[in-house]
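What follows is a set of notes on a single structure, which appears directly below.
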Protein chains: 2
Amino acid sequence: MSTTPVNLALTVDRSSPVPLYFQVAQQLEHAIETGRLEPGSRLGNEIELAGRLGLSRPTVRQAIQSLVDKGLLVRRRGVGTQVVHSQVKRPLELSSLYDDLLAAGQRPTTSVLRSATGPASAAVAAALGIAEGAEVVTVERLRSAHGEPIARLLNHLPVGLVRLETADLEATGLYRLMRAAGIILHSARQTVGARAATAAEGALLSESEGAPLLTMERVSFDDHGRAVEYGTHIYRATRYSFEFSLLVRP
Amino acid sequence: MSTTPVNLALTVDRSSPVPLYFQVAQQLEHAIETGRLEPGSRLGNEIELAGRLGLSRPTVRQAIQSLVDKGLLVRRRGVGTQVVHSQVKRPLELSSLYDDLLAAGQRPTTSVLRSATGPASAAVAAALGIAEGAEVVTVERLRSAHGEPIARLLNHLPVGLVRLETADLEATGLYRLMRAAGIILHSARQTVGARAATAAEGALLSESEGAPLLTMERVSFDDHGRAVEYGTHIYRATRYSFEFSLLVRP
DNA sequence: GAGTGGTCTAGACCACACC
DNA sequence: GTGTGGTCTAGACCACTCA
């Protein structure tokens, strides 16, 4: 009992369809976010917690483990479980520029520059793992916030996965449309770099030729392991940067 | 039995100090990496697997779950567990430029441009969460590969965490030195952007003034939640880009 | 030595996908 | 209906940390 023993009012509702471990994890996470559980404070040990909640120890462990995976708690054998001192923001997600801008309080707008179906180039086919010349949908969009251009988004998708109507593309983000079409995203491979703008790119993005651009290339895979999207995007370096947290693999 | 039932020779050694679930996970991972378990192939169901190994179902589940977390397997209720089709490389790690270059077969070299102890500026103090004017170690390094400059690395660390000898800094990476000093890294917050090189930066990195640079700013935290390092780095865009995988949170 | 998390067991019932 | 993973229980022993 070297540090404060925290007294939390935890409860579980066994009639709820929400899994018990998840109920516990939610309440702990909420207590951490609101500061009720202070950074560095110790959770009671697992057996005592389980007894207090009327749950088995493995169930309580599952709840705690999920928060450890999120980076909110730290466990040390022989010591106990503590709330991490630093606020860990969300670890890296498959970032959607549209959602990022929304979250930042900007009002993202999109204009579709091009939307066409045609044979895949060698580079696109290689990225998507399909045959060269196979049909792909190509979409080029200009994403703005407050009327200022932010990025040019160029995407290629295998045909038949999702219907991309211009109206939908201008109303929301591509990932939302894909999810709405039943595509379950699983993983992605990204490359982030920088280069100078060409004259055409500069004109499109209200930058001068040679201005630094942030580039991002990404292939996304669904839960079957199929490549479902290949994007090559450019961002105005003066208006955008990638910000993310990450956890160190234990 | 819609797809091939895979027959794997799995064994566990109960006299080993390696946890049973970990032994199983290792063998499955190895079978996947060597192609013995083909992408898309199904694992037998958990109960059958447990019976075959003489383990309980939760233990087998723990092994499978660890591979699901790594992105190697996909589970679907009512369907089964399958090997993902696409090879998922390692999800994002706390990337060390030194290790990245090593892994790429380059021979990274480092020259220490500056190494000093002094009071923290306001920006550095804010990033590290310490008082302005508190003592910090500042290290500026030039990282090269094959004699070509790649990046200028500027780091600030609270004093007393790790002794940074110039010889060590020129022989290996900062993160390795920190780990060797007993610092357990837990998480980091990164921002990646781009900007044009100043004249001095261009001269240092063999680029011209105005050339696009990739920038990375990072604060790292240890398992106690203390900020242990703050870095502001610039990379030649023509010679370096960030490449990483990521898993979509389920 | 006392207290903690780490691992493991041998069951059980439920929810969902597919035929 | 059948088979799968999802959740849960009530114990057990071990390994590590710290006083």
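These numbers come from the heavy atoms of this one structure, side chains and all, not from hydrogens, waters or symmetry mates. Just so it is clear, the model here is predicted, and its values are computed rather than measured.
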Task: Between B:Thr110 and B:Arg141: side-chain donor-acceptor atoms closer than 3.5 Å - done: no

- [ ] Indicate for each nucleotide in nucleotides 5-15 of chain C, in 5' to 3' sequence, whether protein heavy atoms under 4.0 Å reach the base (B), only the sugar-phosphate (S), or nothing (-).
- [x] BBBSBB-B--B

Open item on the list: Between B:Arg42 and B:Gln82, does the side chain to side chain donor-acceptor pair (under 3.5 Å) criterion hold? Intermediate values first, please.
Closed with: CA-CA 4 Å; B:Arg42 291 233 321 253; B:Gln82 298 181 33; over 6 Å; no

TODO: Specify the separation, in whole Å, of atom CG of B:Leu73 and atom P of D:dG5.
DONE: 11 Å

- [ ] Look at the side chain of B:Thr59 and the backbone N and O of B:Leu55, then say whether any donor-acceptor pair between them is shorter than 3.5 Å.
- [x] no

Task: Which residues share a salt bridge (charged side-chain N to carboxylate O under 4.0 Å, His left out) with A:Glu48, sequence neighbours left out - done: A:Arg52

TODO: State whether A:Arg143 and A:Glu170 are salt-bridged, where the test is any N-O pair (Lys NZ or Arg NE/NH1/NH2 against Asp/Glu carboxylate O) under 4.0 Å.
DONE: no

